[in-house]
Amino acid sequence: MKKTFPALAALVALAALASCTNEEKDEPAVEDEALREYYYTANFEQTFGSIDPNHDWGFSSSSGQSRATEVTTTANYRRILAEDLSVASNYSLTTSGSDWDFNDLVIDVAIIPGSATYDDKALINIKALGGTLPIYLTYETGMGVEKRTDELHSIMGVSTGTMVNTGRATAAEQALTLVGNFTDNAKNPDYNKVGILITNNSRDYSLDANTGCAPSKICVETDFAWCREGVKITDPYPTFSSWVSDHLFTIDGTLLWYPNPSETAIDPSYVMQ
């Protein structure tokens with residue numbers, strides 16, 4: 001039976017979720033935005049367990065990125081995996097029909113700090129698109145947060161509803177560069193400043209990774225094999241749930257929550273190799 005959450009209890013929970021609501025978005029109706037965040041968080045925790053309130057989802061420079069595999073003379077690459085379930089327009093306390101594959105966008109990002117606040121470069125390789133909604137990248141400039149006008153499916157040469165490089169259609173990877181603010185005050189790379197925007201029902205939604213909140217994107221090393229379409233991330237990576245509840249959870253003597261692919265084989269029916 002489909003479970004629904006009583007409206008009164010949902011409204012009572014809104015205040016506790018204020019810190020998980022993205023304040024940079026256009027201001028929608030408070031009930032709509034807060035309830036959407038509420039149900040996404042509830043469904044995420046129903047699927048993966050309670051969230052460590054100190055969790056930064058791999059984006060902090062001190063969060064345990066210990067096995068860099070793609071290093072250039074200018075920057076280290078990291079892989080960002082996005083999940084667009086948070087933009088669903090229906091509100092229900094259920095995980096029915098939710099794939100949780102974190103492959104709706106897969107990008108590799110290298111950040112080259114610039115000499116001024118808005119002179120940083122983000123070198124981006126679009127690896128895969130498992131989502132079927134219009135998706136864009138955003139970045140901070142001296143004029144505020146801007147949306148790159150090119151929709152990412154179009155950059156990959158496919159229609160918006162086409163999933164690519166997740167086990168169905170295929171397309172060549174595409175590269176682009178953004179110039180803006182992608183570092184912290186000490187000019188260390190801040191991969192969380194590469195923004196991801198989804199358009200659904202004529203509204204824009206940011207896919208966020210706020211500390212202690214259910215993430216719509218996570219940051220991993222570039223040796224991480226992303227999930228095939230419809231494969232829940234805990235199928236190939238059961239330790240994801242352990243990492244959700246403890247941001248310091250580690251395996252294999254590294255500072256990472258998933259195994260080194262050179263040492264532990266992942267079932268190819270679950271992931272893209």
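Count residues from 1 along the sequence. Values reported hereafter were calculated over all heavy atoms of this structure, with side chains retained and with hydrogens, waters and symmetry mates removed. Just so we're clear, the structure is a prediction, and the values are computed from it rather than from any experiment.
The minimum heavy-atom distance linking His153 with Thr132 is given by the pair NE2-CA, 4.5 Å. Of all non-hydrogen atoms in Ile251 and Pro259, the two that sit nearest each other are CD1-N, 3.3 Å. The shortest heavy-atom contact between Cys213 and Trp57 is O-NE1, 3.0 Å. The two residues Val271 and Ala225 make their nearest non-hydrogen contact at CG1-O, 3.6 Å. Considering all non-hydrogen atoms of both residues, Asp84 and Asp104 come closest at N-OD2, 2.8 Å. Looking at every heavy atom in both residues, Pro268 comes nearest to Arg228 through O-NE, 2.8 Å.
Side chains of Ser245 and Ser50: no donor on one and acceptor on the other come within 3.5 Å. For His247 and Asp52, the side-chain atoms include at least one donor-acceptor pair closer than 3.5 Å. In this structure, a donor-acceptor pair under 3.5 Å is present between the side chains of Ser159 and Thr162.
No donor-acceptor pair closer than 3.5 Å links the side chain of Asp99 to the backbone N or O of Val231. Distance alone, capped at 3.5 Å, is enough to place a donor-acceptor pair between the Asn192 side chain and the Ala209 backbone. A donor-acceptor pair is defined here as one N or O able to donate and one able to accept, closer than 3.5 Å; such a pair exists between the side chain of Thr141 and the backbone of Met143. Between the Arg36 side chain and the Ser86 main chain, a donor and an acceptor come within less than 3.5 Å of each other. Side-chain atoms of Lys193 come within 3.5 Å of backbone N or O of Thr183 as a donor-acceptor pair. Looking only at distances, no side-chain donor or acceptor of Asn125 sits under 3.5 Å from a matching main-chain atom of Lys127. Of the possible donor and acceptor atoms, one in the side chain of Glu45 sits under 3.5 Å from a partner among the backbone N and O of Ile51.
Counting side-chain heavy-atom gaps under 4.5 Å among Ile, Leu, Val, Met, Phe, Trp and Tyr, the cluster of Leu197 also holds Tyr136. Residue Met163 belongs to no hydrophobic cluster, having no ILVMFWY side-chain heavy atom closer than 4.5 Å to its own.
Note on Glu221 versus Arg79: no salt bridge recorded, every NZ/NE/NH1/NH2 to OD/OE distance being 4.0 Å or above. The residues Asp120 and Lys187 are annotated as salt-bridged, a charged nitrogen and a carboxylate oxygen being separated by less than 4.0 angstrom.
Annotation: cation-pi pair Lys217/Tyr191 absent, no NZ/CZ under 6.0 Å from the ring centroid and within 45° of its normal.
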Test side chain to side chain contact (heavy atoms under 4.5 Å, CB included) on Trp243 and Ile218; report intermediate values, then the result. CA-CA 12 Å; Trp243 184 59; Ile218 61 175; 4.3 Å; yes
Please evaluate residues Leu137 and Leu178 with respect to the criterion side chain to side chain contact (heavy atoms under 4.5 Å, CB included), reporting the C-alpha separation (whole Å), side-chain torsions for both, the decisive distance (0.1 Å), and the verdict. CA-CA 9 Å; Leu137 296 178; Leu178 301 178; 4.2 Å; yes
Going through the checks in order, is the ring-ring contact (aromatic ring centres under 6.0 Å, His included) test met by Trp257 and Phe240? CA-CA 7 Å; Trp257 56 269; Phe240 180 76; 5.4 Å; yes
Given the rule in the ring-ring contact (aromatic ring centres under 6.0 Å, His included) test, do Tyr40 and Trp100 qualify, once you have shown the distances and angles that lead to the verdict? CA-CA 11 Å; Tyr40 181 67; Trp100 299 107; 5.5 Å; yes
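Using bins of under 30°, 30° to 60° and over 60° for the plane-to-plane angle, the ring pair Tyr237/Phe224 lands in the parallel bin.
Sorted by first and then second residue, the salt bridge (charged side-chain N to carboxylate O under 4.0 Å, His left out) pairs involving residues 142-162 (not counting sequence neighbours) are Lys147-Asp204, Arg148-Asp150.
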